[in-house]
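First up is the structure itself, then whatever we jot down about it.
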Number of protein chains: 2
Amino acid sequence: MEGYESCIVRHFSYYYELSEDDKALLCTLEQSPMTVEAGSTLWKEGDDAKEFCTLKKGWAYSYRFLENGSRQLVELYLPGDIIGLREFAFTQRLAGVEMVEDGEVCFFPHQHLLDLFRRSFVLTSILFAIASRQQVLITERLVNLARRNARQKLAHFLLEVSQRLLQTQRGSLSGSFHMPLSQELFADLLGLSPVHVSRTFSALHEAGLVHRERHHVTLLDLPALKREADFDERYLIDNMRPLFTAYPVSATRPADSAVETPPTPFWPGGRGLIAKR
Amino acid sequence: MEGYESCIVRHFSYYYELSEDDKALLCTLEQSPMTVEAGSTLWKEGDDAKEFCTLKKGWAYSYRFLENGSRQLVELYLPGDIIGLREFAFTQRLAGVEMVEDGEVCFFPHQHLLDLFRRSFVLTSILFAIASRQQVLITERLVNLARRNARQKLAHFLLEVSQRLLQTQRGSLSGSFHMPLSQELFADLLGLSPVHVSRTFSALHEAGLVHRERHHVTLLDLPALKREADFDERYLIDNMRPLFTAYPVSATRPADSAVETPPTPFWPGGRGLIAKR
DNA sequence: CGTCTGCTTGATTCCCGTCAACACCCGTGG
DNA sequence: CCACGGGTGTTGACGGGAATCAAGCAGACG
C-alpha cells in the first residue's frame with residue numbers, strides 16, 4: 001500500500017474524506033488481488049452469493065440470459081467499482097459477471113461488509129451512497145433503454161462512460177478514451193442487434209459526432225451529443241459531502257456522547273409541495 | 001401504534017426479527033403521517049432532496065420526463081415501501097413521485113437514516129438489504145424493457161406486482177388483486193404506447209391468460225403466464241436470514257466486546273470458479 | 001342529457017431485427 | 001511469400017412489431 005493509493009480508497013474518498021483508520025479498514029477488503037483474463041467468468045447466474053469483489057484493474061460487466069437466447073448486460077464495471085452489491089440480500093447470484101479485458105479483482109465475503117457496518121459509521125454511509133448511486137445509474141440506463149432510439153441510446157451510453165472515466169481515472173482526457181467493447185457487447189448492453197449498432201455508429205460518425213477506430217473512441221462534439229441524447233450528467237456527479245456537512249460527524253466511530261444525541265427533531269411540516277396534478 | 005403494527009415494521013421484519021428497541025427506533029421514522037390525494041405530487045425532478053418518505057397507504061410511482069415529451073415510470077411503490085432511497089447521495093431529486101390513489105405517507109429527513117446507521121446494526125443491515133432488493137427489482141425491469149415484446153412485458157409486470165402484493169399484503173389472494181393503474185400508466189411503465197397496451201391486454205385476455213375489469217385483475221393461468229414472460233420469482237423472494245444466521249448478531253447494537261471482534265479472517269482462496277469462456 | 005376522460009379498433013408508417021453476403025484484420029501453417 | 005480460416009465489422013434486402021394518427025365507443029358525473 002506504500003505510496004500506492006488503492007482504487008477503492010480513491011473511490012470512497014470521492015464521497016468524503018477518510019480517516020487513516022477508515023482507510024485501513026477499507027484496505028482489508030482489498031487483500032489478495034488475483035489476476036483474471038479477458039473473457040473469464042467471475043461467477044454465473046445461480047451460483048452461491050457469498051462474496052463481493054472489488055475491481056482493481058480492467059473492465060467487467062454483469063449480464064442476464066433470456067429464454068430466447070438473447071443476453072442483456074445489466075451493469076458495466078470500471079476500475080474502483082464494487083461488484084455484487086446487488087446480491088447482498090440474496091443467497092444466489094442473479095446475474096453472471098465476466099471480464100471484458102485482463103484485469104485484477106479482490107474477493108471478500110459478505111460478512112466483511114457487516115463488520116464494516118459495525119465499525120465505521122462513515123464507511124457505512126459512503127457505502128450506502130455508492131449503492132444509491134449505482135441505483136441511479138441503472139435507473140438512467142432503464143430510461144435510456146425504454147424510451148430512446150438507437151442513436152440516442154448509443155450517444156447516451158458513450159457519454160455515460162466518458163463521464164465515469166473522468167471521475168475515476170485521473171488524467172483521462174475528456175471525450176477520448178479506450179473502449180474495449182466489441183459491437184456485440186454494445187448490442188447486448190443497449191438492447192440492439194449488432195448489425196444496428198454498426199449502422200448507428202456509422203450514422204454518428206457521418207454526423208461528425210464521434211470518431212472510432214479499433215477500441216478507441218473520441219467524442220468530437222460533446223454539446224451536440226448531449227443534446228442528441230438528452231444527457232444530463234448531474235445524475236453522475238453528486239456526492240454526499242453536503243449531507244455530512246449539514247450534520248457533521250467525527251470521522252471515526254462516534255463516541256458514546258455522540259450516539260446519545262437525539263435524532264434531529266421531527267421534521268416540521270409546512271411542505272407546500274403537495275400539489276394536485 | 002398500540003395494537004397496530006406499522007407497515008414499515010412489517011416490511012423490515014420480513015428480513016429479520018426485530019428487537020423492541022429496533023421497532024421503536026424504526027417507528028420514529030413513521031411519525032406524523034399525512035394523507036395525500038390521488039394524483040398529488042410528493043416531489044418533482046430537480047427539487048431539493050432532503051427527505052425520504054415511507055408509504056403507509058396507497059400506491060405511488062416515480063417517473064422521469066424526456067425531452068421528447070414522453071415519460072418513463074421508474075419505480076412502482078406499494079404500501080410499506082420506502083420512497084426516495086435512490087437520492088440518498090444526491091442533493092436534488094432525480095425523478096418525480098406521484099400518488100396513484102389516495103394514501104398516507106410519512107416524511108423523514110435524510111439525517112434520520114444516519115442516526116439509524118449509528119444506533120442499530122441490524123436496521124442498518126436490513127436497510128442495505130432493502131436497497132439491494134430495490135436494485136434487483138429495477139434490474140429485472142430493465143431486462144424486461146430492453147429485451148421482451150409487449151406481451152411478455154405486460155405479463156411479466158403483472159406477475160411482479162402479484163408477487164409483491166403477496167409478500168406485503170397479508171391475505172391477498174394470489175393472482176387476483178386490485179390494480180389501480182390506468183392504461184396510460186401501464187404504457188409509461190412498460191415503454192409502450194397506450195394503444196398498444198390496450199391491444200396487448202386484449203391479446204392476453206383472448207389467450208385466456210388474464211381477466212380484467214375496471215381496476216381489478218385476475219391472472220387465470222399462472223404457469224402459462226410465467227412461461228410466456230420468462231418469469232422467475234426467485235429475484236423477489238429472498239431475504240437475509242441466511243446471512244445473519246451464518247454470522248449471528250445480538251439484535252441490539254453490539255456490546256463493545258462484539259465491536260472488538262476482529263473481522264472474519266481474510267477469505268481463504270481456492271475459488272476454482274474462475275473459468276475461461 | 002351532454003360532456004369528459006379513458007378505452008378500443010383500424011389504417012398507415014417507421015424503426016429496427018433478421019438473414020445473408022461480403023470485407024477486413026490477424027495469426028497460423030504450408 | 002501466399003493460402004486459409006475464424007472472429008469481427010459492414011452493407012443490402014426484407015419483414016414485423018409497435019408507434020402514430022384518427023375515429024368511434026363506453027362509463028362516470030354533473
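Put simply, NZ on K153(B) is 7 Å from P on dA18(D), counting in whole angstrom units. In this entry the distance linking CZ of R147(A) with P of dC15(C) reads 16 Å, nearest Å. Summarising the geometry, the separation between CG on L192(B) and P on dC7(C) is reported as 14 Å, rounded to the nearest angstrom. With rounding to whole Å, Q152(A) atom CD is found 9 Å from dC16(C) atom P. When rounded to the nearest whole Å, the span between NE2 of H196(A) and C1' of dC14(C) equals 11 Å. Whole-Å rounding puts the H205(B) NE2 to dC7(C) P distance at 16 Å. Atom CG in N149(A) sits roughly 12 Å away from atom P in dT20(D) (whole-Å rounding). One atom, CD of E206(B), and another, C1' of dT8(C), lie 12 Å apart when rounded to the nearest Å.
Residue R199(B) places a side-chain atom within donor-acceptor reach of the base of dT20(D), judged by atom type and a 3.5 Å distance cut-off alone.
R151(B) comes within 4.0 angstrom of nothing in the nucleic acid, heavy atoms only. Counting any heavy atom pair closer than 4.0 Å across all strands shown, V195(A) reaches a base atom. Residue contacts for R214(A): at a heavy-atom cut-off of 4.0 Å it reaches the sugar-phosphate backbone alone, with no base atom in range. Residue R212(A) is classed as a sugar-phosphate contact, given heavy-atom separations below 4.0 Å to backbone atoms only. Within 4.0 Å (heavy atoms only), S193(A) reaches at least one base atom of the nucleic acid.
For the pair Q183(A) and dG7(D), the criterion of a side-chain N or O lying under 4.0 Å from OP1 or OP2 is not met. For dT8(C), neither phosphate oxygen OP1 nor OP2 lies less than 4.0 angstrom from any side-chain nitrogen or oxygen of S202(B).
Under the 3.5 Å distance criterion, the side-chain polar atoms of H178(A) are left unmatched by any main-chain donor or acceptor of H216(A). Side-chain N or O atoms of E98(A) include none that pairs as donor or acceptor with a backbone N or O of Y61(A) at under 3.5 Å. Checked by atom type and distance alone, the side chain of E45(A) never pairs as donor or acceptor with a backbone atom of R93(A) at under 3.5 Å.
Residues S176(B) and H211(B) bring no donor and acceptor atom of their side chains to less than 3.5 Å of each other.
Under the side chain to side chain contact (heavy atoms under 4.5 Å, CB included) rule, L76(B) has a single partner from L185(B), V161(B), D81(B), which is V161(B).
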